[in-house]
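Here's the structure, in structure tokens; my notes come after.
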Amino acid sequence: MSGRRATPAQDQPDCIWLTRCPVPAASGVAWALGWMSEEFGRDGIATKRVREAGLNLVASDPERQAQYLFREGGNIQALAARALGAPTRVIGLTWIDERQAIMVRPDTRVLEPADLHGLRFALPGFARTRGESIARGMALHGIKSALALGGLDLEDVRLVDVPAPPVEQPSAQGMRRLWLGLEWLAAGRVDAVYVKGAAAAETAARLGLSVAIDLDAYPSRLARVNNGTPRPITVHEHMIEHHFNLVVRFLEQTLRAADWASTNLAELKHILAHETLAGIAAVEATYRDDFHRSLHPDLSADRVEMLRSQANFLWLHGFLDARVDVGQWIDTRPLDAALRRRAGVRAESVITSDS
């Protein structure tokens, strides 16, 4: 992948696809604002979104669709696909703290992580494939991270299996099923549940549950490495090799949307309520501390190391079919090119305004 081949005219895609994941993402914001459709529509390229359901695609020709798919979503599915040999590349990483917490009933006394010792934690079962076992992967890593803050490990608590949520198209009802452990917690069948995101916060509030450990409150990001932290932006290597400019333009619109979000918090909240399948109140409770200023993707050493940490965790706990070499998975060239273009446009703007 050292160079880029010319693109045959007949190979120009008539459509590119973006995943629709129920998470905050700058690419999703760019879509919601109409910028993706506007950018690629100039070349007669349609822009469509596909809601993820497991690792499946929906076009009549899924192999071709995969070649023209941009995905900004949780890393468990992306890593699992890569472990199975998917020819994807990571072209950006985002980090958005989204209310990771351990929930308990109000009558459970937990003042610090060490107080988690001996509690019964809900652990969703494995789904039909490892890559679809998102709920289990998130919960197991979140529980382990919370315990580590108190000098504990998984052997210091009891893990209680709850049914794996069904694999289905994202919906408000489906997101509630993802956090079935909260229902078990409210019923007294378990003592603690790991949660993350707006839909989980909304469900926990409805059930009258309490935050025992707020993982976002701890300074070390290692306590929050999980499915969405960091979140990779991936694309098929075909796009990079044959349509490099389209990949760069996708990233330019993503960066533009991140810029917009940094100064338009009120409007952003409404977009995220739609994207995350939750209400405004849940969005406000979940996304805090100037999160809207940090939607920009990058490939910093810190984020890459966090992704490597997540990949190692998933491999050690049986979520991947093979180890993933994160360094080989990343391609920095498209983001470098997008950032250079943006710098050039800004420089031209300054020169023009001074003329």
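Computed from heavy atoms alone, side chains included, the values below leave out hydrogens, waters and symmetry copies. It should be emphasised that the depicted structure is a prediction, and the values quoted were computed from it without experimental measurement.
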Is there a side-chain contact (heavy atoms from CB on, under 4.5 Å) between Leu255 and Trp260 once you walk through the steps?
-> CA-CA 9 Å; Leu255 292 164; Trp260 176 89; over 6 Å; no
Where do Arg136 and Asp161 land on the salt bridge (charged side-chain N to carboxylate O under 4.0 Å, His left out) test, with the steps shown first?
-> CA-CA 9 Å; Arg136 184 180 182 90; Asp161 285 337; 3.7 Å; yes
After noting the C-alpha distance and the side-chain angles of His296 and Asp259, does the key distance pass the side chain to side chain donor-acceptor pair (under 3.5 Å) rule?
-> CA-CA 8 Å; His296 298 78; Asp259 285 347; 2.6 Å; yes
Show the numbers, then the answer: is there a side-chain contact (heavy atoms from CB on, under 4.5 Å) between Arg71 and Gln77?
-> CA-CA 10 Å; Arg71 180 184 187 276; Gln77 282 188 315; 3.1 Å; yes
Report the C-alpha separation of Leu116 and Phe121 in whole Å, then their side-chain angles, then the decisive distance to 0.1 Å, and conclude whether the side-chain contact (heavy atoms from CB on, under 4.5 Å) test is met.
-> CA-CA 9 Å; Leu116 298 173; Phe121 277 83; 4.0 Å; yes
Verdict with reasoning, Tyr218 to Leu149, per side-chain contact (heavy atoms from CB on, under 4.5 Å) | CA-CA 9 Å; Tyr218 290 82; Leu149 291 170; 3.8 Å; yes
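With sequence neighbours excluded, no residue forms a ring-ring contact (aromatic ring centres under 6.0 Å, His included) with Tyr194. Residues passing the side chain to side chain donor-acceptor pair (under 3.5 Å) test with Ser27 are Glu72, sequence neighbours excluded. When the side chain to side chain contact (heavy atoms under 4.5 Å, CB included) test is applied to Ser294, no partner is found at least two apart in sequence or on another chain. Taking the salt bridge (Lys or Arg N to Asp or Glu O under 4.0 Å) definition, one finds that Arg42 meets it with Glu39, sequence neighbours left out. A search for ring-ring contact (aromatic ring centres under 6.0 Å, His included) contacts involving His238 returns Tyr68, His242, His243, not counting sequence neighbours. Considering only residues two or more places apart in sequence or on other chains, His317 meets the side chain to side chain contact (heavy atoms under 4.5 Å, CB included) condition with Leu140, Lys144, Leu154, Phe313, Phe319.
Not one N or O on the side chain of Asp191 forms a donor-acceptor pair closer than 3.5 Å with the backbone of Leu119. Checking side-chain atoms of Asn75 against main-chain N and O of Pro230 turns up a donor-acceptor pair under 3.5 Å. Of the possible donor and acceptor atoms, one in the side chain of Arg120 sits under 3.5 Å from a partner among the backbone N and O of Arg189. With hydrogens and angles ignored, the 3.5 Å screen pairs no side-chain donor or acceptor of Asp43 with any backbone N or O of Phe40. Under the 3.5 Å distance criterion, the side-chain polar atoms of Arg105 are matched with a main-chain donor or acceptor of Val190. Between the Thr203 side chain and the Ala199 main chain, a donor and an acceptor come within less than 3.5 Å of each other. When atom types are taken as modelled, the side chain of Thr286 and the backbone of Ala282 share a donor-acceptor pair closer than 3.5 angstrom. Thr229 contributes a side-chain N or O that, together with a main-chain N or O of Asn226, makes up a donor-acceptor pair within less than 3.5 Å. Remark: the backbone N or O of Gln328 is paired with a side-chain donor or acceptor of Asp325 at under 3.5 angstrom. At distances below 3.5 Å, not a single donor-acceptor pair connects side-chain atoms of Asn312 with backbone N or O atoms of Ser309.
Ion pairing between Arg206 and Glu183 holds under the 4.0 Å rule for side-chain N and carboxylate O. Arg49 has a carboxylate O that lies under 4.0 Å from a charged side-chain N of Glu275, or vice versa, which qualifies the two as a salt bridge. A salt bridge between Asp214 and Arg288 is present, with a side-chain N of the basic residue lying under 4.0 Å from a carboxylate O of the acidic one. Contact check on Asp216 versus Arg99 returns no salt bridge, with no Lys/Arg side-chain nitrogen under 4.0 Å from an Asp/Glu carboxylate oxygen. Looking at Glu241 and Arg333, a side-chain N of the basic residue comes within less than 4.0 Å of a carboxylate O on the acidic one, giving a salt bridge. At a threshold of 4.0 Å, the pair Glu252-Arg342 does not count as salt-bridged, since none of the basic side-chain nitrogens sits closer than that to a carboxylate oxygen.
Summarising the geometry, atom NZ belonging to Lys48 is positioned 5.0 Å from atom SG belonging to Cys15; distances are rounded to the nearest 0.5 Å. With rounding to the nearest 0.5 Å, the separation of CD1 in Ile240 from OG1 in Thr88 is 9.0 Å. Interatomic distance, CG of Leu295 versus OH of Tyr287, reported as 10.5 Å (0.5 Å rounding). Taken to the nearest 0.5 Å, the CD1 atom of Ile330 stands 7.0 Å off from the CZ atom of Arg308. Here the OG atom belonging to Ser133 is positioned 10.5 Å from the CZ atom belonging to Arg128, to the nearest 0.5 angstrom. Leu314 contributes atom CG, which lies 5.0 Å from atom CG of Leu320 (distance to the nearest 0.5 angstrom).
The closest side-chain donor-acceptor pair between Trp31 and Thr47, if any, does not fall under 3.5 angstrom. Checking His141 against Asn227 by side-chain atom types alone, no donor-acceptor pair falls below 3.5 Å. Side-chain N/O atoms of Ser300 and Asp298 include a donor and acceptor closer than 3.5 Å.
Proximity of Gln12 to Ile45: side-chain heavy atoms (C-beta onward) are separated by under 4.5 Å at one or more points. Taking the side chain as every heavy atom from C-beta outward, Val162 and Leu123 never approach each other to under 4.5 Å. Contact check for Pro13 versus Leu246: side-chain heavy atoms found under the 4.5 Å cut-off. Side-chain contact between Ile91 and Val247 is present, with heavy atoms from C-beta onward closer than 4.5 Å. Looking only at side-chain heavy atoms (C-beta outward), Leu268 and Phe291 come within less than 4.5 Å of each other. Between Thr234 and Arg89, every side-chain heavy-atom pair lies at or beyond the 4.5 Å cut-off. Counting heavy atoms from C-beta outward, Arg341 and Val248 have side chains that approach closer than 4.5 Å. No side-chain heavy atom of Ile16 sits less than 4.5 Å from a side-chain heavy atom of Leu69.
Between Phe250 and Phe70, the ring-plane angle classifies as parallel under the 30° and 60° cut-offs.
Across all non-hydrogen atoms, the minimal contact from Pro232 to Gly74 is CD-C, 4.2 Å. Shortest non-hydrogen contact noted between Leu180 and Pro163 is CD2-CD, 3.8 Å.
Of the listed residues (Arg224, Arg231, Lys196), just one forms a salt bridge (charged side-chain N to carboxylate O under 4.0 Å, His left out) with Asp97, and that residue is Arg224. The only member of Leu299, Ile233, Asp331 that meets side-chain contact (heavy atoms from CB on, under 4.5 Å) when paired with Val90 is Leu299. Of the candidates Leu152, Leu147, Val110, His117 forms a side-chain contact (heavy atoms from CB on, under 4.5 Å) with just one, namely Leu152.
Hydrophobic cluster membership is shared by Met239 and Leu93, with clusters built from Ile, Leu, Val, Met, Phe, Trp and Tyr side chains linked at under 4.5 angstrom.
A cation-pi geometry, defined here as NZ or CZ lying under 6.0 Å from the six-membered ring centre and within 45° of its normal, holds between Arg256 and Trp35.
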